[in-house]
Amino acid sequence: MLDRIQAPEGAGRDIPDAATREVIGRAPVHAVADLDDAVARAHAAQPAWEALGHAKRSELLLAAADAIDANAEALAHLLSREQGKPLNGPNARFELGACSAWLRTNASIAIEPQVLVDDETLHAELIYKAAGVVGAIGPWNWPLMITIWQIGPSLRMGNTVVAKPSEYTPLSVLAMLAVMNEVLPADVLIGISGDREVGARLASHPDVAKIMFTGSTATGRRIIESSAGNLARLTLELGGNDAGIVLPGTDAAAIAQDLFWGAFINTGQTCAAMKRLYVHDSVYDDVVDALAEIAASVPMGNGLDEANVLGPLQNRAQFDIVTRLVDDAKSRGARIVAGGEPAPELGELFYRPTIVADIANDASLVQEEQFGPALPVIRYSDVDEAFAWANAVDVGLGASVWSSDPAAAREAATRMQAGTVWVNSHGGLHPMVPFGGVKSSGYGLEFGVEGLKSVAVTQVVSGPGRKG
């Protein structure tokens with residue numbers, strides 16, 4: 001599979017195995033001129049793609065999903081090596097399954113004109129048409145799944161797509177695009193592997209009508225600036241520092257596994273993972289002990305080992321962030337009840353799953369997004385104070401409320417300032433349920449009918465009513 005997409009010998013950029021740091025392939029390094037050529041090709045191909053109509057495009061998306069399924073195991077192995085996530089658990093094979101599932105859902109959603117007025121004097125409808133060329137800029141944590149979130153609805157609505165993967169994980173994305181392009185028409189979906197200069201050009205290109213970006217808030221702000229000249233529409237899913245609140249009297253044993261995986265899915269490298277947990281005095285010790293027990297027993301190691309479900313940090317920069325924040329918590333007197341240190345015997349970028357208790361709300365590990373396998377657990381006694389702490393940060397992607405009384409938890413959930421609030425779970429997504437952030441976590445909705453509308457432009461068609 002690598003032979004189809006990697007740069008020739010002596011060219012490109014070496015991509016390491018996240019777990020072993022051995023080179024697994026050479027990513028192409030495209031220049032701005034290559035990006036300009038890709039956009040020109042996509043722009044030329046777009047009218048014919050839109051003209052195929054929804055039914056034919058949906059048929060081709062289903063064929064692309066079949067192609068991904070047929071190559072899922074090879075793609076999962078490449079993803080596991082490049083990104084670091086294990087094959088099993090909510091990881092590489094899970095991600096490939098999500099890719100085909102999201103494509104199939106996008107192919108099946110009905111999107112009808114919205115009748116605005118229908119009376120004797122006026123009939124007016126709101127219809128949704130393709131925007132044009134969509135620039136899809138993806139992250140390194142869920143590189144395949146999030147790329148599908150961007151390109152699936154875009155293609156369904158008649159747009160063509162130029163997709164730029166993260167510099168950290170280009171090989172698996174380019175390989176998936178090659179598989180999809182076995183069944184899609186030429187130049188409908190083009191992958192470009194380049195640096196930040198290429199990404200900036202994609203965001204500012206005059207023939208790009210829409211940008212979809214998932215990544216850090218800082219990079220999102222730069223994309224907004226780059227898009228000012230071409231007024232490209234934007235969907236931005238940016239950083240999160242998701243809070244969970246465990247309400248008084250909750251059964252710790254009943255929620256411990258879901259709490260753990262809400263925080264540690266993909267070794268904590270998930271925008272909507274739980275990054276800080278507020279637990280009431282009445283159940284604090286029980287929750288901490290239950291989380292520590294899970295953290296100490298969960299298998300971590302090379303992702304190709306079928307037994308492992310946690311892997312390394314994907315890159316040195318992220319490893320250093322996690323190390324700094326946990327070390328700062330230690331220096332403040334926080335209690336490390338599990339982990340708290342690297343695991344060099346496993347590899348260069350492994351960090352033990354870490355539970356930090358008795359930590360102040362103003363600690364850096366609480367206030368900054370760690371994006372890794374370290375969860376601070378903050379004790380509270382006043383529920384109002386817990387919600388105030390949870391809402392005090394400038395991001396609001398997801399949040400969760402936990403209780404043995406689901407009705408009480410649902411009522412409390414509306415107090416959270418986040419785009420999605422889960423009850424007795426954290427981070428679960430559904431292809432028909434819209435997802436997006438508030439505050440500095442970005443704007444725009446993905447998934448379902450709202451996701452299709454977000455990659456379209458609207459047109460009102462207005463004419464005589466029934467009398468006319």
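Keep in mind it's a predicted model, so treat the numbers as computed, not measured.
Taking the side chain as every heavy atom from C-beta outward, Leu310 and Pro373 never approach each other to under 4.5 Å. With a 4.5 Å cut-off on side-chain heavy atoms, Leu247 and Ile245 count as touching. With a 4.5 Å cut-off on side-chain heavy atoms, Gln314 and Leu349 do not count as touching. For the pair Val298 and Phe260, the minimum side-chain heavy-atom distance is below 4.5 Å. Residues Gln367 and Val393 meet the side-chain proximity criterion, which asks for heavy atoms closer than 4.5 Å. Counting only heavy atoms from C-beta outward, the side chains of Trp49 and Leu155 approach each other to under 4.5 Å. Side-chain atoms of Val356 and Ile336, non-hydrogen and from C-beta on, do get closer than 4.5 Å to each other. With contacts defined as side-chain heavy-atom distances shorter than 4.5 Å, the pair Arg201/Arg196 does not qualify.
Lys85 places no side-chain N or O within 3.5 Å of a backbone atom of Glu95 that could act as its donor or acceptor partner. With hydrogens and angles disregarded, a donor-acceptor distance shorter than 3.5 Å links the side chain of Thr267 to the backbone of Gly311. Looking only at distances, no side-chain donor or acceptor of Trp102 sits under 3.5 Å from a matching main-chain atom of Met145. Put simply, the side chain of Asn88 never gets that close to the backbone of Asn308: no donor and acceptor are under 3.5 Å apart. No side-chain donor-acceptor contact under 3.5 Å links Trp149 to the backbone of Phe447. Tyr284 contributes no side-chain N or O that, together with a main-chain N or O of Tyr278, makes up a donor-acceptor pair within less than 3.5 Å. Side-chain atoms of Ser80 do not come within 3.5 Å of backbone N or O of Ala76 as any donor-acceptor pair. The main-chain N or O of Asn266 is found under 3.5 Å from a side-chain atom of Gln269 such that the two form a donor-acceptor pair. Here the side chain of Asp328 pairs no donor or acceptor atom with the backbone of Leu365 at under 3.5 angstrom. With hydrogens and angles disregarded, a donor-acceptor distance shorter than 3.5 Å links the side chain of Asn159 to the backbone of Val455.
Note on Arg222 versus Glu225: no salt bridge recorded, every NZ/NE/NH1/NH2 to OD/OE distance being 4.0 Å or above. The pair Asp195-Lys164 fails the salt-bridge criterion, with no side-chain N (NZ, NE, NH1 or NH2) lying under 4.0 Å from an Asp/Glu carboxylate O. A salt bridge links Asp320 with Arg316: the distance from a Lys NZ or Arg NE/NH1/NH2 to an Asp or Glu carboxylate oxygen falls below 4.0 Å. Contact check on Lys330 versus Glu341 returns no salt bridge, with no Lys/Arg side-chain nitrogen under 4.0 Å from an Asp/Glu carboxylate oxygen. Using a 4.0 Å cut-off between a side-chain N of Lys or Arg and a carboxylate O of Asp or Glu, Glu368 and Lys275 do not qualify as a salt bridge. In summary, Lys439 and Asp394 do not engage in a salt bridge, as defined by a charged side-chain N under 4.0 Å from a carboxylate O. Look at Arg379 and Asp285 and you find a salt bridge, because one of the NZ, NE, NH1 or NH2 atoms lies within 4.0 Å of a carboxylate O, short of that distance.
In this structure, Phe213 and Gly220 approach most closely via the heavy-atom pair CE2-N, 3.7 Å. Here the shortest heavy-atom pairing between Trp422 and Gly398 reads CZ3-CA, 3.8 Å. Taking all atoms of both residues into account, the shortest heavy-atom contact from Ala200 to Ser226 is O-CB, 3.9 Å. Closest approach of Arg156 to Ala107, counting heavy atoms only: NH1-O, 3.7 Å. Minimum heavy-atom separation, Asn141 to Cys271: ND2-N, 3.8 Å. Across all their heavy atoms, Thr160 and Ala42 have their closest contact at OG1-O, 2.8 Å.
Ser454 and Lys210 are not linked by any side-chain donor-acceptor pair at a separation below 3.5 angstrom, with hydrogens and angles left out of the test. A donor atom on one side chain and an acceptor atom on the other are not found under 3.5 Å apart for Ser172 and Thr169.
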For this session: Under the side chain to side chain contact (heavy atoms under 4.5 Å, CB included) rule, what do Leu397 and Thr420 come out as? Steps first, then yes or no, please.
Result: CA-CA 7 Å; Leu397 189 57; Thr420 297; over 6 Å; no
For this session: Dump the intermediate steps for side chain to side chain contact (heavy atoms under 4.5 Å, CB included) on Val288 and Val279, then the final yes or no.
Result: CA-CA 9 Å; Val288 167; Val279 182; over 6 Å; no
For this session: Would you sort out whether Arg332 and Asp358 count as a salt bridge (charged side-chain N to carboxylate O under 4.0 Å, His left out), showing the intermediate values?
Result: CA-CA 10 Å; Arg332 292 168 172 260; Asp358 301 336; over 6 Å; no
Exercise. So His30 and Asp37, side chain to side chain contact (heavy atoms under 4.5 Å, CB included) or not? Walk me through it.
Worked result: CA-CA 11 Å; His30 294 121; Asp37 176 69; over 6 Å; no
Exercise. Is there a side chain to side chain contact (heavy atoms under 4.5 Å, CB included) between Met176 and Leu78 once you walk through the steps?
Worked result: CA-CA 10 Å; Met176 181 181 70; Leu78 179 56; over 6 Å; no
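We find the CD1-OG1 distance between Ile223 and Thr219 to be 6.5 Å, quoted to the nearest 0.5 Å. Residue Ile146 holds its CD1 atom at 10.5 Å from CE of Met212, rounded to the nearest 0.5 Å. In this structure, CG on Asp66 lies 11.0 Å from CG on Leu60, to the nearest 0.5 angstrom. The distance from the CD atom of Gln83 to the CG atom of Leu313 is 9.5 Å, given to the nearest 0.5 Å. Note: Leu277 CG to Ile359 CD1 = 12.0 Å, rounded to the nearest 0.5 Å. Put simply, OG on Ser440 and CZ on Arg221 are 4.5 Å apart, with the number rounded to the nearest 0.5 Å.
More than 12 heavy atoms of other residues, nucleotides or ligands sit less than 6.0 Å from atom CZ of Arg352. Around the CD atom of Glu167, the shell of radius 6.0 Å holds more than 12 heavy atoms that belong to other residues, nucleotides or ligands. Glu197 CD: 12 or fewer foreign heavy atoms inside a 6.0 Å radius.
With Asn106 as the fixed residue, the side-chain contact (heavy atoms from CB on, under 4.5 Å) test singles out one of Pro431, Ser154, Pro153: Pro153.
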